[in-house]
Visitor: 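The following block contains the structure, expressed as structure tokens.
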Amino acid sequence: MEQSFETLRGAVHALRTGAVSSRELVTAALATARAADALPAGERGPLHGVPVAVKDNFAPDPLKAASWAYAKKKHWQTVARRHIPHAIERGVRVAMGTDCGIAAHGTNLRELAHLVESGMTPMGAILAGTSEAAELLGLAHEIGTLEPGKRADLVIARGNPLTDIASLGKPENVLLVAKDGVPYKDTDGLAA
């Protein structure tokens, strides 16, 4: 297991420094994951990519952000735009995630549209933000899907995200947000 972590650290370093292309890295990671299928259950985790909102087209204002923060954001946007489509194309399971320190509060669902632009289907992007993310976190028994016995975390939005995934990234389209079945945002009284 320690060798796997060292391999991953090396791969990340190679990718960051440009020593390998995303195609080479993703192909190698998938081959490693396929070889790991022979391991007993529990000795490996699922292979996921987590975009962490770096592909977001929103850039910080260079007049308000520190120069190093602006440069870092722009760098990772470029890296993500180059590599995320290759991972999706090769079948890497993707979980949406963010530290949301780089986007205005309430706009992180814009990442779903970026995943679709990168090659995912709208439903694939929704699953990346729900069940795939829950599985990656080891919480699929508790969250990620709406079913009896699980926590009732949900978002109800105006429009159909399967035909307009970008609508989810606009806070004015989010009508209800509930966590554990308790509404925290309910603009149209849907929970009443």
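None of the values given here were measured: they were computed from a predicted structure.
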Visitor: Supply the atom-to-atom distance Glu111 CD to Glu117 CD, rounded to the nearest 0.5 angstrom.
Guide: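 Here the interatomic distance stands at 9.5 Å.
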
Visitor: Do Leu109 and Met96 have side-chain heavy atoms sitting under 4.5 Å apart?
Guide: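 They are in side-chain contact.
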
Visitor: Which atom pair, heavy atoms only, marks the closest approach of Ala133 to Ala95?
Guide: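 Ala133 and Ala95 have their closest heavy atoms at CA-CB, 3.7 Å.
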
Visitor: To the nearest 0.5 Å, what is the distance between CD1 on Ile165 and NE2 on His114?
Guide: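 Here the interatomic distance stands at 11.5 Å.
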
Visitor: Closest approach of Ala166 and Ala113, non-hydrogen atoms and distance?
Guide: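 Closest approach of Ala166 to Ala113: CA-CB, 3.9 Å.
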
Visitor: What residues, two or more places apart in sequence or in another chain, satisfy salt bridge (Lys or Arg N to Asp or Glu O under 4.0 Å) together with Lys150?
Guide: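 Lys150 satisfies salt bridge (Lys or Arg N to Asp or Glu O under 4.0 Å) with Glu147 only.
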
Visitor: How would you list all residue pairs meeting salt bridge (Lys or Arg N to Asp or Glu O under 4.0 Å) that involve residues 154-178, not counting sequence neighbours?
Guide: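 Sorted result for residues 154-178: empty, none.
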
Visitor: Decide yes or no for Val94 and Leu115: does some side-chain heavy atom of the first lie under 4.5 Å from some side-chain heavy atom of the second?
Guide: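 Yes, their side chains come closer than 4.5 Å.
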
Visitor: In Å and rounded to the nearest 0.5 Å, what is the OG to CD1 distance from Ser118 to Ile88?
Guide: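 The CD1 atom of Ile88 is 5.0 Å from OG of Ser118, to the nearest 0.5 Å.
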
Visitor: Could you give the side-chain donor-acceptor pairs of residues 178-185 under 3.5 Å, partners two or more places apart or in another chain?
Guide:
residue : atom : partner : partner atom : Å
Asp180  : OD1  : Arg151  : NE           : 2.6
Lys185  : NZ   : Pro171  : O            : 2.9
Lys185  : NZ   : Val174  : O            : 3.0

Visitor: So, for Ser167 and Asn173, which heavy atoms are closest and what is the spacing to 0.1 Å?
Guide: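 Closest pair (atom of Ser167, atom of Asn173, distance): O-ND2, 3.1 Å.
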
Visitor: With sequence neighbours excluded, tell me which residues meet side-chain contact (heavy atoms from CB on, under 4.5 Å) with Ala157.
Guide: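 Once residues adjacent in sequence are excluded, the partners of Ala157 under the side-chain contact (heavy atoms from CB on, under 4.5 Å) criterion are Leu168.
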
Visitor: Where do Ala125 and Val116 come nearest, in terms of heavy atoms and distance?
Guide: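 Minimum heavy-atom separation between Ala125 and Val116: CB-CG2, 3.9 Å.
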
Visitor: Residues sharing Leu139's hydrophobic cluster, by side-chain heavy-atom contacts under 4.5 Å among ILVMFWY, directly or via others?
Guide: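 Other cluster members: Leu137, Ile143.
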
Visitor: Considering only heavy atoms from C-beta outward, does the side chain of Val177 approach that of Asp186 to under 4.5 Å?
Guide: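 Result no, sub-4.5 Å side-chain heavy-atom pair not found.
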
Visitor: Where is the tightest heavy-atom contact between Arg110 and Gly169, given as atom of each residue plus distance?
Guide: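 Here Arg110 and Gly169 meet closest at CG-O, 3.5 Å.
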
Visitor: Tell me who clusters with Leu176, hydrophobic residues only, linked when side chains sit under 4.5 Å apart either directly or through other members.
Guide: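 Once heavy-atom contacts under 4.5 Å are chained together, Leu176 belongs with Leu146, Leu154, Ile156, Leu175, Leu190.
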
